[in-house]
2 protein chains.
Amino acid sequence: MAKQPTTFAALKEEERKARQGVIVDAAERVFGRKPFEQVSMREVAQEAGIAVSSIYRYFPDQQSLFVEAFVLGTREIISRIDERIASGRLSSLADFALMYLDFLIEHDHYFRMMTHFMLDGQLSGPLLEKLNQAARTILEQFDRLIAGDTSSEQTRQYAHTLFAALNGILISFRNYPGREPVEVRRHMEKLARLTASMCESHRRSPRG
Amino acid sequence: MAKQPTTFAALKEEERKARQGVIVDAAERVFGRKPFEQVSMREVAQEAGIAVSSIYRYFPDQQSLFVEAFVLGTREIISRIDERIASGRLSSLADFALMYLDFLIEHDHYFRMMTHFMLDGQLSGPLLEKLNQAARTILEQFDRLIAGDTSSEQTRQYAHTLFAALNGILISFRNYPGREPVEVRRHMEKLARLTASMCESHRRSPRG
DNA sequence: TGTACATCAGTGAACGCGCGTTCACTGATGTAC
DNA sequence: TGTACATCAGTGAACGCGCGTTCACTGATGTAC
């Protein structure tokens, strides 16, 4: 009598989460087709094959849904980085920078959301907290990679600088006028490698 | 008979430009109060003390008005940089980075527009051309400052990197959670100095 | 100097649209006795 | 096993809003003769 109900409840809760997931997935698919600021609840509903009003059974409003989708993306980056670190395939800082860059180039909608939220600054408390947590986790990854296990105020600064620089490359040159996407990507990668190299050598001899 | 009319016409044209200017100025004032994506034509009209429909006598649509305001801002940055260079008060790359940073922190609406347009990618031809021209001019300033008169493919890469890194700092840390604006600014400035230093030393000994 | 006409800045009201969100309802499933 | 009731996912239609933009009009100024 005490066990059954909780199990049932757990199952229900699980199903609920699964349905939430369906909606978020649908949203992500739509994001793949157009800039996310232009995506309406109606489109997400259609993609998910449900009525608009149904979405509101699972998310209080549009912003919450979008933030959820974003947080999921963050988790994906992080787990990718983790995998690579674990498998020892990230030998240099440049490798890391390139993989971060590539991920964001390929998940353009994620990058758009990221910059959108960075610019926004008027999110409600809990959502903001979620986003900050996501940002913090990524920054920690940067730090760990630069510092090894001996993170310090100084290594954190390099982490911040690299993080910022890569984001900056992505935003500053994405619409490089008159270039093909392939060229743009190559240019970004070149700048990313240069930045990584700058970070690395400067850290070894800061006043060099 | 040939001279008078053209003079009159010129005067008229001048007045027209002046009135355009009044509208753009009004827009900029409103941008100072709220994120520019939220600024409506009605608000600009009210700030300028005219009817909404009057704006359309001077600008074909909202986007043109906003781009115009943006381009004006660009001119302001550029002339500031020029002044400083002329007066010899830009001794180091760090000085330059800091002044670029400070300008964008203080003209937040300009920075927002910049990133907005960078992300956008669906502007109509002539407007896009205007924006690209603006971007190119700024990048040239960066290049000139790094290269002196001997700009090369290599110096241009450093210019791009610095430009991107500074933009990245501005966007990545503007909403640094739980910090006062003063602290945020200090942090950004620290990162900017570090970046400038990295660029400088790396350029002197690229494989150091 | 006076008159008819053209030009054009400026206007208030309206149009049309798309959006996020809510509402009242249906119907299927599970629960209690 | 059967019946009355509660729960809740799912829905289509509607609400209300704010927006960019257009329209038909007014009135002042300049021009031609």
Side-chain angles (χ1 to χ4, degrees), chain A residues 1-24 26-27 30-31 34-69 116 120 122-124 127, chain B residues 1-24 26-27 30-31 34-69 116 120 122-124 127:
Chain A
M1 195 110 198
K3 218 172 185 177
Q4 276 266 359
T6 56
T7 307
F8 273 30
L11 273 173
K12 276 225 151 162
E13 187 53 28
E14 221 166 275
E15 277 175 37
R16 208 187 137 74
K17 287 276 178 227
R19 275 185 289 248
Q20 277 199 21
V22 170
I23 296 171
V24 175
V30 183
F31 293 155
K34 53 157 68 174
F36 90 95
E37 313 92 343
Q38 290 170 28
V39 172
S40 71
M41 295 299 262
R42 275 166 245 262
E43 280 171 289
V44 175
Q46 193 178 10
E47 176 74 27
I50 59 176
V52 204
S53 43
S54 300
I55 299 181
Y56 289 88
R57 292 240 165 238
Y58 298 94
F59 298 93
D61 52 32
Q62 191 184 47
Q63 202 168 61
S64 305
L65 168 58
F66 284 14
V67 166
E68 196 56 40
H116 175 86
D120 193 343
Q122 38 194 358
L123 284 166
S124 61
L127 293 187
Chain B
M1 195 105 198
K3 218 173 188 178
Q4 275 265 359
T6 57
T7 307
F8 274 31
L11 273 174
K12 275 224 152 163
E13 189 52 30
E14 220 167 275
E15 278 174 36
R16 207 188 139 74
K17 288 275 178 227
R19 274 186 289 247
Q20 277 200 21
V22 169
I23 295 173
V24 175
V30 183
F31 293 155
K34 52 158 68 176
F36 90 94
E37 312 91 344
Q38 292 170 27
V39 171
S40 70
M41 295 300 261
R42 276 166 244 263
E43 280 171 289
V44 175
Q46 193 179 8
E47 177 74 28
I50 59 176
V52 205
S53 43
S54 300
I55 299 181
Y56 289 88
R57 290 240 165 240
Y58 298 94
F59 299 93
D61 52 31
Q62 191 184 46
Q63 201 168 62
S64 304
L65 168 57
F66 284 14
V67 166
E68 196 55 42
H116 175 86
D120 194 342
Q122 38 194 358
L123 283 166
S124 59
L127 292 187

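In the text below, chain A, chain B and the rest are named by the order of the sequence lines, each starting its count at 1.
- OP1 or OP2 of dG10(D) has at least one side-chain nitrogen or oxygen of Y58(A) nearer than 4.0 Å.
- Contact annotation for R19(A): backbone-only contact, meaning every heavy-atom pair under 4.0 Å involves sugar-phosphate atoms and none involves a base.
- Computed from coordinates, the Y56(A) OH to dG12(D) P distance equals 16 Å when rounded to whole Å.
- Checking S53(A) against M41(B), the closest nucleotide of DNA chain D that is more toward the 5' end is the one next to S53(A).
- Across all strands shown, dG2(C) is found opposite dC33(D) as a Watson-Crick or G-U wobble partner, with both distances under 3.5 Å.
- Of the two residues near DNA chain D, R42(B) and A51(A), the one whose nearest nucleotide lies more 5' is A51(A).
- If you check every strand for non-hydrogen atoms under 4.0 Å, S54(B) touches a base.
- If you measure from atom CD of Q62(B) to atom P of dT21(D), you get 6 Å, rounded to the nearest angstrom.
- In this structure, CZ of R57(A) is placed 6 Å from C1' of dC8(D), rounded to the nearest angstrom.
- Between V44(A) and L65(A) the shortest heavy-atom distance is CG1-CD2, 4.3 Å.
- Nearest heavy-atom pair, V39(A) versus F31(A), reported as atom, atom and distance to 0.1 Å: CG2-CD2, 3.7 Å.
- Separating the CZ atom of F59(A) from the C1' atom of dG10(D) is a distance of 16 Å, rounded to the nearest angstrom.
- Among dC19(D), dT21(D), dA9(C), the nucleotide with an atom closest to any side-chain atom of S40(B) is dC19(D).
- Distance I55(A) CD1 to dC19(C) P: 13 Å, rounded to the nearest Å.
- In this structure, dG16(D) and dC19(C) make a Watson-Crick or G-U wobble pair, each of the two defining distances being under 3.5 angstrom.
- If you take CD1 of I50(A) and C1' of dA9(D), they are 10 Å apart, rounded to a whole angstrom.
- For the residue pair E43(B) and V30(B), the shortest heavy atom distance occurs at O-CG2, 4.1 Å.
- As a whole-Å value, the separation of Q63(A) CD from dT21(C) C1' is 14 Å.
- Closest heavy-atom contact between R16(B) and R57(B): NH2-O, 3.0 Å.
- Residue-environment remark: CD (Q46(B)) stays at or below the threshold of 12 foreign heavy atoms within 6.0 Å.
- The separation between Q38(A) atom CD and dG20(C) atom P is 12 Å, rounded to whole Å.
- Each of P60(A) and E43(A) lies near DNA chain C, and the nucleotide nearest E43(A) is the one positioned closer to the 5' end.
- Remark: dG27(C) base-pairs with dC8(D); criterion is Watson-Crick or G-U wobble with both hydrogen-bond distances under 3.5 Å.
- V44(B) comes within 4.0 angstrom of nothing in the nucleic acid, heavy atoms only.
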